[in-house]
Amino acid sequence: MRLAVLTGALNEEIPLRGWVKDIPEGCDLYVVDDGSTDGTSSVALELGARVIRHSMNLGQGYAFITGVKAIVSETKKDYDYIVYLDADGQHDPKEIPKFIRKAKEEDLDVVVGSRILGSNYHNAPFFRRKFLPFYTAIVNRLTGYRMTDAMSGFRAFRVSALKKVLPVFDRMLEPQYMAAEMFIRFSRVGLKVGEVPINMRDRISGFSYKGFVRYGFGVLKAIGKTVLDRA
Amino acid sequence: MKITTASILFSLVALVQLVRIAHLVRQERLGIRSGLVWVLMWAGVGVGSLFPFTMDFLMRFAMMENRMFFILIIAVFVLFALLFDLVSRLEKSERNMAKLVQEIALLRFRLEETEREGGKRS
């Protein structure tokens, strides 16, 4: 089984050094450098990753889409799964095998790492604890999925399913806030989605570029637009 | 029809703007669609200032009684329409730019992959 680990990084040279060593053996690492001004690209190359560079910052959603396209269309390797995680070190790569186990056992196309099911969720910031279930409830209502954390960035995708939905990524209306939109579109083509619990770690260094209010409105806007766009 | 200094001034400004819009469209610095919107707006200002009774007719049609209030409402409406147009254009150009950045990134990655494959073979 071939596994690609994908991450989108913006000025994450220090965190990358911290978690890349924990990636399970045999996995290939792809880093989308999303317009970094530090040495993210060179550190990633030094750590054995393949690097795709955005010449300017586009956001995590765009980084994910570019990475998926690069892995699926531009490499000659036939991967079975792609696992996407955040580059800031909050996601533990040691948890990757349980995503794959879950996907195989239940024949799932997408496996989401649920922070709510994780044992350290009570430590999450106040706004996240209050609004995550709210957004997830909206997504569940619109998709028919039964998720507990639709906004999690730690996800595994079956490549054969991704190949089928590759055109969906070109139709994304709000890639910066893609989580909700992605699941709504996935549900329309009948992809099967499941969850595994994950534990969030403290970020190794740096800060989050997502403003809570802006992100919240962005997600609602993305949901609204996707509902209206029936394509 | 009562011509006042203000109505002459407004109609002159409207005329100058109409000529300017025509010039910009001819130079292709302004699209046909936007040009049409601005022409309609300034023509409205010109006609409204020279022939105020047209405004009264529209005002009665909109079931309003105060001319100033009517003008204000129209102005706000036009401004919102322009703002909406501007925001949607901005979003579209942002999306196009993002697509371009992605395409360049993928192209560069493809080249690196080809070089890597070539290096392995030789």
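Values in this document were obtained by computation on a predicted structure and should not be read as measured data. Here is how names work: the chains are called A, B, and so on, in the same order as the sequence lines, proteins then strands, and each is numbered from 1.
Surrounding NZ of Lys21(A) are more than 12 heavy atoms belonging to other residues, nucleotides or ligands, all under 6.0 Å away. By the 6.0 Å contact criterion, CD on Gln27(B) is enclosed, its count of non-hydrogen atoms from other residues, nucleotides or ligands being greater than 12. Other residues, nucleotides and ligands place more than 12 heavy atoms under 6.0 Å from the CE atom of Met1(A).
Ion pairing of Arg53(A) with Glu112(B) is present here, as a side-chain N (NZ or NE/NH1/NH2) and a carboxylate O approach within less than 4.0 Å. Salt-bridge check for Arg108(B) with Glu74(A): failed, with every basic side-chain N at 4.0 Å or more from each acidic carboxylate O.
Lys225(A) contributes atom NZ, which lies 4.0 Å from atom CD of Glu91(B) (distance to the nearest 0.5 angstrom). Rounded to the nearest 0.5 Å, atoms CZ (Arg95(B)) and CG (Leu58(A)) are 13.5 Å apart. Taken to the nearest 0.5 Å, the CD atom of Glu113(B) stands 8.5 Å off from the CD1 atom of Ile52(A).
Considering every non-hydrogen atom in both Val51(A) and Phe109(B), the closest pair reads O-CD1, 3.7 Å. Of all heavy-atom pairs spanning Thr66(A) and Ala105(B), the tightest one is CG2-CB, 4.2 Å. Shown here for Val101(B) and Met56(A), the closest heavy-atom pair between the two residues is CG2-CG, 3.6 Å. Looking at every heavy atom in both residues, Gln102(B) comes nearest to Tyr62(A) through NE2-O, 3.2 Å.
Neither the backbone nor the side chain of Ser73(A) comes within contact range of chain B, judged by heavy atoms closer than 4.5 Å.
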